Number of protein chains: 2
Amino acid sequence: MTEFQPPGRLVTLADVAREAGVGESTVSRVLRNHGSYSKRAGERVAEAVARLGYVPNRLAGSLAGASTGTGTGLVGVVIPSLANVVFPDLLRGLTGALDGTGMQSVVGVSEYDAEREEALVAALLSWRPEALLLTGLEHTAGTVTLARASGVRVVEMIDTDGEGIDTVVGFSNRAAGQASARHLLARGYRRIGYCGHDPSADLRASKRLAGFEAALAEAGTALAEREIRPGRSSAASGRAGFEALIARRPGLDAVYFSNDDMALGGWFACLSLGLAVPERIALFGFNGLDFAEAMPQPLSTVRTPRLEIGRRAAACLTGTGPARIDLGFTLIEGATA
Amino acid sequence: MTEFQPPGRLVTLADVAREAGVGESTVSRVLRNHGSYSKRAGERVAEAVARLGYVPNRLAGSLAGASTGTGTGLVGVVIPSLANVVFPDLLRGLTGALDGTGMQSVVGVSEYDAEREEALVAALLSWRPEALLLTGLEHTAGTVTLARASGVRVVEMIDTDGEGIDTVVGFSNRAAGQASARHLLARGYRRIGYCGHDPSADLRASKRLAGFEAALAEAGTALAEREIRPGRSSAASGRAGFEALIARRPGLDAVYFSNDDMALGGWFACLSLGLAVPERIALFGFNGLDFAEAMPQPLSTVRTPRLEIGRRAAACLTGTGPARIDLGFTLIEGATA
DNA sequence: TTGAAAGCGCTAACAG
DNA sequence: CTGTTAGCGCTTTCAA
């Protein structure tokens with residue numbers, strides 16, 4: 001298939017230089033279109049590259065360029081999970097914005113474990129990324145030390161409820177919880193239950209709940225009941241949780257879910273149990289996922305700017321100085337609450 | 001906070017060696033726990049590392065180790081999208097299996113564009129990964145050439161309907177389509193419609209449909225109607241597509257959807273329109289997503305081994321010789337068809 | 001416009 | 001067990 005005798009080792013820049021009959025530095029200049037070179041040199045190099053199927057070695061390139069500030073073009077990203085759409089969405093906004101800038105993200109998944117996050121940060125930093133994107137504001141002391149010492153820009157995404165290391169891009173989960181509670185209160189619901197997934201991992205869900213309860217307290221009331229399910233959120237978990245909740249406290253007139261997946265499960269349960277929504281019981285979610293608005297009764301929820309957070313985080317990489325960007329959220333007045 | 005004067009530049013292995021009062025190679029040996037060194041050397045190095053906050057530079061390490069076969073510990077991955085749960089699930093299986101092996105995946109998103117995939121492959125290969133994981137079997141000639149020339153193991157995930165470059169891990173989308181059709185036929189449905197998202201991008205959906213139609217043809221029948229929606233799949237798209245389909249052909253007795261998200265939208269439409277499922281009309285999806293079994297009527301669908309594909313792909317990285325692993329799929333007899 | 005040469009930070013022989 | 005030394009493949013002065 002190939003017309004030339006491939007060398008046992010991979011083709012190097014030196015091979016290209018020899019093939020093109022020019023010096024190595026000339027090849028380097030041509031390849032990066034940096035510095036000046038003759039048209040003829042450019043052509044010969046291009047030909048040689050094509051002929052040999054040369055693929056630059058960025059390990060070497062970045063190492064050599066490191067001394068003079070030429071970056072690796074890498075950005076290290078740590079997200080807690082891939083099982084919750086929120087984070088792929090975040091990555092989607094990020095990679096979309098990075099696309100064409102020549103930057104490449106390297107992502108690690110912490111599974112909501114701060115220790116693992118620290119290990120990932122250390123591993124990512126060893127590739128000398130130009131920036132570090134973390135999720136949330138809660139990290140181990142080691143993570144913070146590593147991040148600071150690395151000298152690279154650090155962007156913490158999603159959560160703005162607290163102090164950041166450097167730049168923070170997100171929204172207030174606490175405020176989202178408060179807004180949700182106020183909405184339910186304004187609609188007249190008073191016997192409100194909470195149905196959530198395991199909060200020990202998802203600190204942001206806890207912050208929402210805290211905000212929710214604070215708003216209830218402000219109004220002189222409180223959560224009538226709560227059901228916390230082990231494991232990650234899902235429609236199945238939401239369904240089971242709702243059923244448990246309503247069995248224990250049939251008098252509830254509204255349920256606040258830890259997110260839309262859980263709420264969908266709750267809605268499924270209402271359908272099965274023949275509970276009219278929202279007349280008999282109201283449902284409220286969080287995230288504003290795709291399916292929410294396609295439901296026969298659009299789900300009442302809070303839409304979060306997930307893609308935008310990713311995009312803005314990407315924009316911050318080149319930005320100057322620490323920033324604190326609150327992108328807010330949108331309360332969706334659906335038909336379930 | 002830090003107790004020592006940080007150098008302007010990042011701490012290097014040479015700094016650690018000086019601080020520990022040993023040679024550089026000793027530090028290297030200690031750090032990688034490779035070769036032998038005295039207990040005392042180990043301790044002194046560990047102290048120095050901690051004191052200086054040393055983070056190894058893997059660019060340099062991998063470059064130096066390259067000549068002797070020490071790899072980068074990187075695996076390049078290209079997926080078509082992050083917007084469809086399928087691919088994050090794939091990554092989840094993959095990173096889960098890679099976790100603890102010291103391997104780190106670097107992923108690129110092609111947005112279902114073969115040209116972009118080629119560019120990503122070239123970019124990823126420039127980091128000298130130890131393996132390349134691609135999605136599907138359809139690539140540009142350039143991608144194939146690059147992959148072959150790189151000399152690294154190539155694993156193509158998800159689709160087994162065709163020839164692979166090297167190793168293939170997945171299931172037959174065509175067979176999944178066939179199985180779905182046979183299920184509907186066996187249940188007595190004869191006026192079957194198809195509701196799908198844009199197939200120009202998602203070739204695997206097209207393969208499923210081809211299998212589906214082939215099975216219908218075998219039974220001497222054919223698709224009664226089809227509705228193809230532009231853009232990516234979603235419940236909203238499925239709902240709109242189903243409504244268009246049923247308006248055009250009210251006589252349909254079953255609808256095959258390009259995936260579960262679309263099918264969920266169809267089910268929502270049935271609820272809104274008051275069409276009894278499956279008595280008046282049956283619905284059939286694809287993927288076997290979480291929510292499918294939590295529905296009041298569990299969705300009839302085909303469950304795909306997404307996580308397992310990722311895991312097996314990871315396992316193949318160390319495997320020997322090309323392989324062709326068909327993980328199959330499971331037809332879920334839900335209550336909608 | 002170009003090539004020669006000196007590293008980038010690390011690993012891996014090779015002597016000691 | 002340990003230090004010295006020679007690169008890994010590339011970028012970047014610096015002269016020419």
Side-chain angles (χ1 to χ4, degrees), chain A residues 7-45 48-49 52-74 125-128 150, chain B residues 7-45 48-49 52-74 102 125-128 130 150:
Chain A
R9 50 180 185 68
L10 253 32
V11 180
T12 70
L13 183 144
D15 296 323
V16 175
R18 201 174 314 113
E19 179 82 10
V22 300
E24 296 188 27
S25 43
T26 298
V27 177
S28 176
R29 281 185 287 254
V30 172
L31 257 30
R32 294 175 311 110
N33 191 31
H34 178 275
S36 57
Y37 53 87
S38 63
K39 191 177 169 195
R40 180 157 171 290
E43 289 164 359
R44 300 193 55 132
V45 168
V49 164
L52 300 178
Y54 172 66
V55 176
N57 183 335
R58 296 197 63 172
L59 295 173
S62 295
L63 180 60
S67 48
T68 51
T70 308
T72 53
L74 251 26
L125 285 175
S126 73
W127 290 108
R128 296 297 184 263
S150 72
Chain B
R9 51 182 183 67
L10 252 32
V11 180
T12 71
L13 183 143
D15 295 324
V16 176
R18 200 175 314 112
E19 179 81 10
V22 301
E24 296 189 25
S25 44
T26 298
V27 177
S28 177
R29 281 185 286 254
V30 172
L31 258 31
R32 294 174 309 112
N33 192 29
H34 178 274
S36 54
Y37 52 88
S38 63
K39 192 178 169 197
R40 181 156 170 290
E43 287 163 1
R44 301 194 54 133
V45 168
V49 164
L52 300 178
Y54 172 66
V55 175
N57 183 335
R58 296 197 63 171
L59 295 172
S62 295
L63 180 60
S67 49
T68 52
T70 309
T72 51
L74 253 25
L125 285 176
S126 73
W127 290 107
R128 296 299 184 262
E130 297 184 26
S150 72

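Not measured: the values here are computed from a predicted model.
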Would you be so kind as to tabulate the donor-acceptor pairs closer than 3.5 Å made by side chains of residues 62-70 of chain A, with sequence neighbours excluded?
from: S62(A); atom 1: OG; to: R58(A); atom 2: O; distance (Å): 3.0
from: S67(A); atom 1: OG; to: A64(A); atom 2: O; distance (Å): 3.4
from: T68(A); atom 1: OG1; to: G65(A); atom 2: O; distance (Å): 3.1

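Applying the side-chain hydrogen bond (donor to acceptor under 3.5 Å, both in side chains) criterion to Y54(B), with sequence neighbours excluded, gives no partner residue. Residues passing the side-chain hydrogen bond (donor to acceptor under 3.5 Å, both in side chains) test with T72(B), sequence neighbours excluded: none. Every residue two or more places apart in sequence or in another chain was checked for a salt bridge (charged side-chain N to carboxylate O under 4.0 Å, His left out) with R32(A), and none qualifies. Applying the side chain to side chain contact (heavy atoms under 4.5 Å, CB included) test to V45(B) and every residue at least two apart in sequence or in another chain returns V16(B), A20(B), V22(B), V27(B), V30(B), L31(B), V49(B). For E19(B), the salt bridge (charged side-chain N to carboxylate O under 4.0 Å, His left out) criterion is met by R51(B), not counting sequence neighbours. Partners of S150(B) by side-chain hydrogen bond (donor to acceptor under 3.5 Å, both in side chains), not counting sequence neighbours: none found.
Distance check: E43(B) CD to Y37(B) OH gives 10.5 Å after rounding to the nearest 0.5 Å. Considering CG of L52(B) and CG of L10(B), their distance stands at 11.5 Å, rounded to 0.5 Å. Considering CZ of R128(A) and CG of L59(A), their distance stands at 13.0 Å, rounded to 0.5 Å.
For the contact set between residues 25-44 of chain A and DNA chain D, defined by any heavy atom under 4.0 Å, the members are S25(A), S28(A), R32(A). Remark: nothing in residues 54-62 of chain B comes within less than 4.0 Å of DNA chain D through any heavy atom.
One atom, CG of L10(B), and another, P of dC8(C), lie 14 Å apart when rounded to the nearest Å.
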Exercise for review: Begin with the C-alpha distance, continue with both residues' side-chain angles, and end with the deciding distance and a verdict on side chain to side chain contact (heavy atoms under 4.5 Å, CB included) for W127(A) and V55(B).
Suggested key: CA-CA 10 Å; W127(A) 290 108; V55(B) 175; over 6 Å; no
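Running 5' to 3' along DNA chain D, contacts with non-hydrogen atoms of chain B at under 4.0 Å begin and end at dC1(D) to dG9(D).
No side-chain donor-acceptor contact under 3.5 Å links E24(A) to the backbone of A14(A).
Side-chain contact between E130(B) and L74(B): absent, with no pair of heavy atoms (C-beta onward) separated by less than 4.5 Å.
Where L13(A) and E24(B) meet DNA chain D, the nucleotide closest to each residue was compared, and E24(B) sits on the side nearer the 5' end.
Comparing the helix axis at one end of the helix from dT1(C)-dA16(D) to dG16(C)-dC1(D) with that at the other, each defined from 5 consecutive pairs, gives an inter-axis angle of 30° (nearest 10°).
Dashed line: the shortest gap from a side-chain N or O of T70(B) to OP1 or OP2 of dA12(C) is under 4.0 Å.
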